[in-house]
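Quick note: numbers below take in every heavy atom, side chains included, and nothing from hydrogens, waters or symmetry partners. Bear in mind the structure is a predicted one, so any value in this text is a computation, not a measurement.
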Amino acid sequence: MPFDQYHEPPDELSQETRTFARMCLSLIEEAEAIDWYEQRMSLEKDNDAKAIMHNAQLEEFKHFAMDLEFLLRQKPDWRKVCKRVLFTTGDIVEAGEEAEEEVDLS
């Protein structure tokens, strides 16, 4: 895979921005791995193989969560939005819209 994660010249970006970009890419990679396991498990006939894949997918969930938490600690507004949307009940889009309005007002 080519090293083209930056949209701006890397040498002009701060260390903090480069770290943030790496963690965003890591989050994407973990989401892809979760998806790959989900697809494989949906087709796998062997229960032992499926159990191993499920176990591996749980590891990817953990990595995804850790990456996300790191990113949320870097961006307070992002955390505010996520707190209003994640682990809630009701309409997801409505919660997102309300969260966005709250952040825009602050």
Side-chain angles (χ1 to χ4, degrees):
M1 178 171 142
F3 193 75
D4 59 355
Q5 72 188 64
Y6 301 113
H7 299 282
E8 300 295 332
D11 57 333
E12 295 180 27
L13 299 173
S14 69
Q15 180 60 47
E16 292 80 15
T17 298
R18 290 192 310 261
T19 296
F20 191 81
R22 286 186 202 105
M23 293 304 291
C24 284
L25 186 57
S26 181
L27 185 76
I28 291 166
E29 291 167 349
E30 299 302 342
E32 287 177 337
I34 291 165
D35 174 45
W36 296 337
Y37 282 118
E38 192 67 26
Q39 292 181 41
R40 290 172 187 158
M41 288 184 298
S42 75
L43 299 177
E44 184 54 57
K45 305 290 187 229
D46 184 286
N47 287 334
D48 289 334
K50 189 182 271 191
I52 292 167
M53 290 177 204
H54 182 258
N55 182 272
Q57 187 187 49
L58 291 176
E59 282 289 314
E60 305 305 341
F61 286 143
K62 177 184 78 174
H63 300 156
F64 181 90
M66 291 187 316
D67 290 346
L68 180 59
E69 180 60 24
F70 176 89
L71 293 168
L72 293 176
R73 289 180 183 188
Q74 308 307 306
K75 301 292 181 183
D77 282 344
W78 196 5
R79 179 176 287 285
K80 287 178 194 173
V81 169
C82 286
K83 277 186 164 183
R84 293 280 288 128
V85 176
L86 298 174
F87 311 110
T88 62
T89 58
D91 187 277
I92 296 169
V93 174
E94 186 177 304
E97 293 295 325
E98 291 171 1
E100 185 177 29
E101 288 175 16
E102 287 178 20
V103 169
D104 285 344
L105 295 176
S106 60

Euclidean distance, [Y] [atom2] relative to [X] [atom1], rounded to 0.5 Å:
X	Y	atom1	atom2	value
Asn47	His54	CG	NE2	13.0 Å
Ile52	Gln57	CD1	CD	14.0 Å
Asp11	Arg18	CG	CZ	8.5 Å
Glu94	Arg84	CD	CZ	9.5 Å
Thr17	Glu12	OG1	CD	12.0 Å
Asp48	Lys50	CG	NZ	12.0 Å

- Message: As a quick check of understanding, evaluate salt bridge (Lys or Arg N to Asp or Glu O under 4.0 Å) for Glu102 and Lys80, giving each step before the final call.
- Response: CA-CA 8 Å; Glu102 287 178 20; Lys80 287 178 194 173; over 6 Å; no
- Show your working on side-chain contact (heavy atoms from CB on, under 4.5 Å) between Lys75 and Asp77 and close with a plain yes or no. CA-CA 6 Å; Lys75 301 292 181 183; Asp77 282 344; 6.0 Å; no
Hydrophobic cluster membership, [X] vs [Y], 4.5 Å side-chain cutoff:
X	Y	result
Leu27	Leu58	yes
Leu71	Tyr6	no
Met23	Phe61	yes
Phe20	Phe64	yes

- Task: Could you give me the CA-CA distance, side-chain angles and deciding distance for Asp104 and Glu100, then say whether side-chain contact (heavy atoms from CB on, under 4.5 Å) is met?
- Result: CA-CA 6 Å; Asp104 285 344; Glu100 185 177 29; 3.9 Å; yes
- Message: Quick check: closest heavy atoms across Gly96 and Val85, and the distance to 0.1 Å?
- Response: CA-CG2, 3.6 Å
- Message: For Cys82 versus Leu72, what's the shortest heavy-atom pair and its separation?
- Response: SG-CD2, 3.7 Å
- Query: Thr19 side chain to Gln15 main-chain N or O, any donor-acceptor pair under 3.5 Å?
  - Reply: yes
- Just by distance, with hydrogens left out, do Asn55 and Glu59 show a side-chain donor and acceptor under 3.5 Å apart? no
- Message: With heavy-atom distances below 4.5 Å as the criterion, would you say the side chains of Gln39 and Leu43 are in contact?
- Response: no
- Item | Pair Arg79 + Glu69: basic N to acidic O under 4.0 Å | yes
- Measure from NZ or CZ of Arg73 to the centre of the six-membered ring of Phe70 and say whether it is under 6.0 Å with the direction within 45° of the ring axis. no
